[in-house]
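First the structure, in the form of structure tokens, and then the observations on it.
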There are 2 protein chains.
Amino acid sequence: MRSADLPEVRSLHLFQTMKEETFDSIVKAAYFQTFPDHVVLIEEGEPADFLYVVIEGRVELFAHANGRETSLAMVSPIGTFILAAVLKDAPYLMSARTCQRSRILMIPAEDLRAAVDQDKAFAAAIIRELASCYRAVVKDHKSLKLRTGVERLANRLLRYHHDQGGNGSLSLPYDKRTLASLLGMTPENLSRAFNTLKPYGVTVDGGTVRLHDLVALETLAKPNSLIDDRRI
Amino acid sequence: MRSADLPEVRSLHLFQTMKEETFDSIVKAAYFQTFPDHVVLIEEGEPADFLYVVIEGRVELFAHANGRETSLAMVSPIGTFILAAVLKDAPYLMSARTCQRSRILMIPAEDLRAAVDQDKAFAAAIIRELASCYRAVVKDHKSLKLRTGVERLANRLLRYHHDQGGNGSLSLPYDKRTLASLLGMTPENLSRAFNTLKPYGVTVDGGTVRLHDLVALETLAKPNSLIDDRRI
DNA sequence: CGCATGTTTGACTCGAATCAACCACAGTGG
DNA sequence: CCACTGTGGTTGATTCGAGTCAAACATGCG
């Protein structure tokens, strides 16, 4: 891989604390590849051959069943995906496709597992990463089971708003059909949910959303740190 | 703790491969306690003081938001819960209560984290356990997003049927209101879902369910190993 | 027996998916 | 410059799955 990218990868939490020699062994075994937009990287059910690290671009994780499809998560730089499958040497539970031109680091599963075995600090980092991923899914699951579509949208808007500086305006990071699928609703329903939020001071102009009445929106959304806070 | 219980705990995957001395250190620090039925052990939001191991009985994991409540999982012997919170030293995302008189091993979070740091084999076991928990939630999440209530019930019945020997009959492991909550529906709706499955050869008598036409039920349920198989 | 709990049924409401049409806009090519 | 087209988004009408509320029913237990 390009040596210019090394520091970037090394700075990822997952790779920060590991021994130099373990990092080297992984880097030597890994592949760097650039993919165009809308390329399917993996499909659910396939054996877990690689751990993927998104360096540039964006990847969507999604799944199929009974003829339906849903988005499960978006991975932005610098983030990994399909870690659990690789560690368990089990089939992927999700498919992945680029939603932008993306540069991706692919670490062979064998080499990753060897590195975990050899490097205590790396094992500790893996545990932290896995625990975080686990808690993220639990939060999504709680959100889906305990909230209506409008509530999920309201809380998602508050989250983006907070992440982007909280100055009353935010831009949606994905197109609306993707956001709808992430939130567990149809595009039509998302559109209606935005309309439902209008009386609470939410105005939409393309991908730009303005929140004119944070108090009202929060009263409706009832944000809950145990669902919405990505840090804990 | 009672020394009679040690082998049982030691035989749990999580504790099987660890060094004798690490196991001892954990056992020394741990508390053994018996709780009556319907006791709340932890509440979401509390700091993660203990890892819990169910030795006897059964524990329900559940969560609240916006005045609603939902079951997230049931833990049977020998199983652990709240592992991720303990490892991350973060607040619990779920509450837990006994649904039977239960004997429970409580391992102080500090001691558990110390054991993970000291014992490579234990760290590896923790990684496997965490990865399994992660994949279990992903499967639940996929089920909820991709299936209707009737489909979720049909697949759950097929799972219990398979687990219990697959002889055409199964007994529901929990009462119906709990099962309903686990499946993300109301008790009323579960009752109707059973009725919907009648034409597919499903008859219910209390907690006993008979599957008279497996082919028909499977055609409806479309079971999917990437959602329903608990082993992978 | 009387009471509590869990379950089922029925009527109704509500949230969400579906189907279809329409709109806005960007990119293309005449 | 303007029609043509494809895409993403919105709107409306309708259907459907699921929740709510209320009542009936079953079961088990003191």
Side-chain angles (χ1 to χ4, degrees), chain A residues 37-38 60 64-71 99-100 143-157 171-200 202-209 220-221, chain B residues 36-38 58 60 64-71 97 99-100 143-157 171-200 202-209 220-222:
Chain A
D37 201 1
H38 291 111
E60 178 187 3
H64 285 274
N66 297 30
R68 298 161 208 138
E69 178 183 313
T70 190
S71 286
C99 32
Q100 297 172 12
S143 178
L144 196 60
K145 279 186 104 172
L146 292 166
R147 287 174 170 164
T148 66
V150 172
E151 287 168 348
R152 292 197 297 279
L153 173 60
N155 281 294
R156 186 61 68 108
L157 293 178
S171 63
L172 301 174
Y174 328 113
D175 61 18
K176 287 177 185 160
R177 64 171 24 255
T178 307
L179 180 61
S181 186
L182 272 175
L183 292 173
M185 53 175 96
T186 56
E188 294 96 322
N189 228 328
L190 176 65
S191 182
R192 286 176 189 120
F194 272 120
N195 275 325
T196 307
L197 291 181
K198 208 171 275 174
Y200 300 85
V202 178
T203 57
V204 187
D205 175 22
T208 303
V209 178
L220 171 87
Chain B
D37 201 2
H38 291 111
R58 182 168 282 154
E60 177 186 5
H64 284 274
N66 296 31
R68 297 160 209 140
E69 178 182 314
T70 191
S71 286
R97 66 183 157 223
C99 31
Q100 298 172 10
S143 179
L144 196 61
K145 280 186 103 171
L146 292 167
R147 287 173 169 164
T148 65
V150 171
E151 287 169 347
R152 292 197 298 279
L153 173 61
N155 280 294
R156 186 60 69 109
L157 293 179
S171 64
L172 300 175
Y174 328 114
D175 61 18
K176 287 176 184 158
R177 64 169 26 252
T178 307
L179 180 61
S181 187
L182 272 175
L183 292 173
M185 53 176 97
T186 57
E188 295 95 322
N189 228 326
L190 175 66
S191 181
R192 286 174 190 122
F194 272 120
N195 275 324
T196 308
L197 291 180
K198 209 171 271 174
Y200 299 86
V202 177
T203 58
V204 188
D205 174 23
T208 303
V209 179
L220 172 88
K222 296 180 201 61

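Every value quoted in this text rests on a predicted model; they were computed, and no experiment measured them. Note on naming: letters A, B, ... go to the chains in the order of the sequence lines (proteins, then strands), and numbering restarts at 1 for each one.
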B:Lys222 to B:Asn155 - nearest heavy-atom pair and separation | C-OD1, 4.0 Å
Partner of A:Thr196 under side chain to side chain contact (heavy atoms under 4.5 Å, CB included), chosen from A:Leu153, A:Val150, A:Thr148 = A:Val150
Round to the nearest Å and state the distance from B:Arg147 atom CZ to D:dA18 atom P.
-> 13 Å
Rounded to whole Å, CG of B:Leu183 lies from C1' of D:dG19 at a distance of 16 Å
State, to 0.1 Å, how close B:Leu146 and A:Asn66 come at their nearest heavy-atom pair, and which atoms those are.
-> O-CB, 4.5 Å
Round to the nearest Å and state the distance from A:Glu188 atom CD to C:dC23 atom C1'.
-> 15 Å
Within the structure, does a side-chain N or O atom of A:Thr186 lie under 4.0 Å from either OP1 or OP2 of C:dA17?
-> yes
Counting distance only, does the side-chain N/O of A:Arg147 pair as donor-acceptor with the main-chain N or O of A:Arg152 below 3.5 Å?
-> no
Quickly work out the A:Asp175 CG to C:dC25 C1' distance and round it to whole Å.
-> 15 Å
Measure across A:Thr178 and A:Glu60 and return the closest heavy-atom pair with its distance rounded to 0.1 Å.
-> CG2-OE2, 4.1 Å
How would you label the contact of A:Gly207 with the nucleic acid (heavy atoms, under 4.0 Å): base, sugar-phosphate, or nothing?
-> nothing
Report the distance from atom CG of A:Leu197 to atom P of D:dT10, rounded to the nearest whole Å.
-> 13 Å
Whole-Å gap separating P (C:dG15) and CG (A:Leu146) | 16 Å
Tested for side chain to side chain contact (heavy atoms under 4.5 Å, CB included) against A:Leu157, the lone hit among A:Leu197, A:Val204, A:Leu179 is A:Leu197
note: B:Leu144, atom CG; D:dG17, atom C1'; distance rounded to Å ~ 13 Å
Which of residues 189-196 of chain A have a heavy atom under 4.0 Å from DNA chain C?
-> A:Asn189, A:Arg192
Atom CG of A:Asp205 and atom C1' of C:dA24 are separated, to the nearest Å, by 12 Å
